**Student:** 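Take a look at this one; I'll ask things after.
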There are 2 protein chains.
Amino acid sequence: MFSKACEYGIRASTYIALQSHEGKRASLKDIARETDSPVAFTAKILQQLSKNKIIDSVQGAAGGFEIVKSKINHIKLSEIVYAIDGDNVYMGCGLGLEKCNANKPCPVHDKFVAIRDDLRDMLENTTLYEMTSGLEVGLTYLKR
Amino acid sequence: MFSKACEYGIRASTYIALQSHEGKRASLKDIARETDSPVAFTAKILQQLSKNKIIDSVQGAAGGFEIVKSKINHIKLSEIVYAIDGDNVYMGCGLGLEKCNANKPCPVHDKFVAIRDDLRDMLENTTLYEMTSGLEVGLTYLKR
DNA sequence: TCAAAATAGGACAATTTTGTCCTATTTAAT
DNA sequence: ATTAAATAGGACAAAATTGTCCTATTTTGA
Ligand code: FES
Ligand code: FES
């Protein structure tokens with residue numbers, strides 16, 4: 001569904017949101033540990049998210065990554081997915097034809113678009129805040 | 001969503017079904033041309049589908065690939081996807097945790113499972129026959 | 001000022017996926 | 001029988017994705 005990079009990116013963003021909500025800055029090491037992700041690879045992804053203004057990075061000792069509190073409620077999964085995986089999730093054809101196109105649809109077009117739209121809706125309606133709410137009370141997990 | 005191999009596999013199977021329905025056997029060359037897929041790579045995928053009893057292959061001159069007419073109506077997309085991509089579509093976690101697990105769910109579990117189940121339903125309820133019906137009348141396409 | 005701790009970023013390596021090429025085998029037609 | 005046309009399958013190559021390593025830079029705090 002999503003690339004590994006995107007999966008790591010969502011998990012990392014969620015953890016950063018969780019920490020930021022408590023006023024804590026998250027270090028790369030912590031993020032990688034708490035999301036069970038490879039450290040250096042995660043670093044690259046965080047750079048990408050930072051360039052896309054989804055997270056903020058602070059260099060230097062006591063630096064790390066954070067998300068402005070007021071944004072946690074507004075950042076949607078769709079933004080993260082788009083920043084890392086691009087628009088394939090939203091525009092791709094289920095059978096791999098060059099872009100989905102209703103004017104020359106593949107045989108699964110109608111059924112596929114319905115599912116893809118549900119997925120888009122889901123991503124556009126799920127905020128980082130929503131992602132963190134179950135974590136705090138031990139209802140959901142970012143690693144096992 | 002699906003791997004390239006799987007996309008090619010679905011397109012190839014659909015074309016073979018279309019030809020078999022008219023009593024014609026499809027050659028690798030024709031299949032690759034009519035689905036705009038790389039010939040040798042498609043050959044490997046057809047072998048896989050053949051081993052999984054989804055299509056039949058006939059060696060020798062005038063050989064090719066075909067699907068028993070009575071099966072066209074019964075072969076579901078889910079079987080093709082499973083034969084090529086395995087069970088990741090059905091069991092995978094949206095955030096990449098080792099297998100989806102409702103007892104230790106990731107933060108998108110509930111929403112993701114709903115979409116994944118819709119996708120599964122779609123694949124399990126779409127037959128090759130249904131895939132071909134629009135092709136014959138020029139309503140849908142296997143390439144552009 | 002200096003050392004330590006952290007991110008930034010370039011270069012590289014490993015793995016997986018995608019794709020090609022060549023030879024063997026099978027079958028039909030001559 | 002021989003040849004031609006087709007799939008089977010192994011070995012290999014290319015490309016994309018995933019992951020590592022090292023150095024530079026930034027910042028804090030002693
Ligand atoms: S054309 Fe294939 S999904 Fe729209
Ligand atoms: S645990 Fe992640 S989707 Fe079910």
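Computed from a prediction, not measured in an experiment: that's the story for all the values here. Protein chains get the first letters and strands the later ones, always in sequence-line order, with residue 1 at the start of each.
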**Student:** Check the distance between dG9(C)'s P and Leu46(A)'s CG and give it to me in whole angstrom.
**Tutor:**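 Distance, rounded to whole Å: 13 Å.
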**Student:** Quick one: Ile55(B) CD1 to dA8(D) P, roughly how many Å, whole number?
**Tutor:**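 Between P of dA8(D) and CD1 of Ile55(B): 8 Å.
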**Student:** Heavy-atom contacts under 4.0 Å between residues 10-26 of chain A and DNA chain D, which residues?
**Tutor:**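 DNA chain D contact set from residues 10-26 of chain A: none.
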**Student:** Tell me which nucleotide among dT7(C), dG9(C), dG19(C) gets nearest to the side chain of Phe65(A).
**Tutor:**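 Closest nucleotide to the Phe65(A) side chain: dT7(C).
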**Student:** I want to verify a distance call: between dA8(C), dT20(C), dG9(D), whose nearest atom is closest to the Gln47(B) side chain?
**Tutor:**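 Within the option list, the nearest is dG9(D).
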**Student:** Quickly work out the Glu66(A) CD to dA6(C) P distance and round it to whole Å.
**Tutor:**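 Those two atoms, CD and P, are 15 Å apart.
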**Student:** For a quick check, with a 4.0 angstrom heavy-atom cut-off, what is the B/S/- contact string for nucleotides 23-30 of chain D, read 5' to 3'?
**Tutor:** ---BBS--
**Student:** Can you name the residues that form a side chain to side chain donor-acceptor pair (under 3.5 Å) with Thr14(A), not counting sequence neighbours?
**Tutor:**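 Per chain and number, Thr14(A) pairs via side chain to side chain donor-acceptor pair (under 3.5 Å) with no residue.
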**Student:** Would you mind listing every side-chain hydrogen bond (donor to acceptor under 3.5 Å, both in side chains) that reaches into residues 123-142 of chain B, with sequence neighbours excluded?
**Tutor:**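 Only Lys111(A)-Thr126(B), Lys111(A)-Glu130(B) qualify under side-chain hydrogen bond (donor to acceptor under 3.5 Å, both in side chains).
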**Student:** Could you tell me which residues satisfy side chain to side chain donor-acceptor pair (under 3.5 Å) with Ser20(B), sequence neighbours excluded, listed by chain and number?
**Tutor:**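 Per chain and number, Ser20(B) pairs via side chain to side chain donor-acceptor pair (under 3.5 Å) with no residue.
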**Student:** Could I get the full list of side chain to side chain donor-acceptor pair (under 3.5 Å) partners for Asp121(A), not counting sequence neighbours?
**Tutor:**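 Testing Asp121(A) for side chain to side chain donor-acceptor pair (under 3.5 Å), a comparison that skips the adjacent residues, returns none.
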**Student:** Show which side-chain atoms of residues 40-50 of chain A pair as donor or acceptor with protein atoms under 3.5 Å away, not counting sequence neighbours.
**Tutor:**
from: Thr42(A); atom 1: OG1; to: Pro38(A); atom 2: O; distance (Å): 2.7
from: Gln48(A); atom 1: NE2; to: Ala83(A); atom 2: O; distance (Å): 3.3

**Student:** Could you list the residues that satisfy salt bridge (Lys or Arg N to Asp or Glu O under 4.0 Å) with Asp30(B), not counting sequence neighbours?
**Tutor:**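 Salt bridge (Lys or Arg N to Asp or Glu O under 4.0 Å) list for Asp30(B), sorted by chain: Arg33(B).
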**Student:** If I take atom CZ in residue Phe41(B) and atom C1' in nucleotide dG10(D), what distance separates them, rounded to the nearest angstrom?
**Tutor:**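 Taking atom C1' of dG10(D) as the reference, CZ of Phe41(B) is at 16 Å.
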**Student:** In whole angstrom, give the distance that lies between atom CG of Asp30(A) and atom P of dA5(C).
**Tutor:**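 Value for this atom pair: 14 Å.
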**Student:** Name every donor-acceptor pair, under 3.5 Å, that has one atom in a side chain of residues 88-110 of chain A and the other anywhere in the protein, sequence neighbours excluded.
**Tutor:**
from: Tyr90(A); atom 1: OH; to: Ser78(A); atom 2: O; distance (Å): 3.3
from: Asn101(A); atom 1: OD1; to: Asn103(A); atom 2: N; distance (Å): 2.8

**Student:** For DNA chain D, find the residues of residues 79-93 of chain B with a heavy-atom distance under 4.0 Å and give them by number; none if there aren't any.
**Tutor:**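 None - not one residue of the stretch has a heavy atom sitting under 4.0 Å from the strand.
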**Student:** Can you pull the side-chain hydrogen bond (donor to acceptor under 3.5 Å, both in side chains) pairs that have at least one residue in residues 54-68 of chain A, sequence neighbours excluded?
**Tutor:**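 Passing the test, one end in residues 54-68 of chain A: Arg25(A)-Glu66(A).
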**Student:** From C-beta outward on Tyr8(B), which listed nucleotide comes closest to its side chain: dG19(C), dG9(C), dT18(D)?
**Tutor:**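 Selected nucleotide (nearest to the side chain): dG19(C).
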**Student:** Expressed in angstrom and rounded to an integer, what is the separation of Leu49(B) atom CG from dG9(D) atom P?
**Tutor:**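 Whole-Å distance recorded here is 14 Å.
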**Student:** Nearest whole angstrom, please: distance from the C1' of dT7(C) to the NZ of Lys51(A).
**Tutor:**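 Distance check: Lys51(A) NZ to dT7(C) C1' gives 12 Å.
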**Student:** Could you list all N or O pairs between the protein and nucleotides 11-13 of chain C that sit under 3.5 Å apart?
**Tutor:**
none

**Student:** Given the rule that I, L, V, M, F, W and Y join up when any side-chain heavy atoms are under 4.5 Å apart, are Leu123(A) and Val113(B) in one cluster?
**Tutor:**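 Each belongs to a different hydrophobic cluster.
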**Student:** Examine distances only and state if a side-chain atom of Gln19(A) and a backbone atom of Ile16(A) form a donor-acceptor pair shorter than 3.5 Å.
**Tutor:**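 Such a contact is absent between Gln19(A) side chain and Ile16(A) backbone.
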**Student:** Could you state the NZ-P distance from Lys4(A) to dT18(D), rounded to the nearest angstrom?
**Tutor:**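 So the two atoms are 8 Å apart, to the nearest Å.
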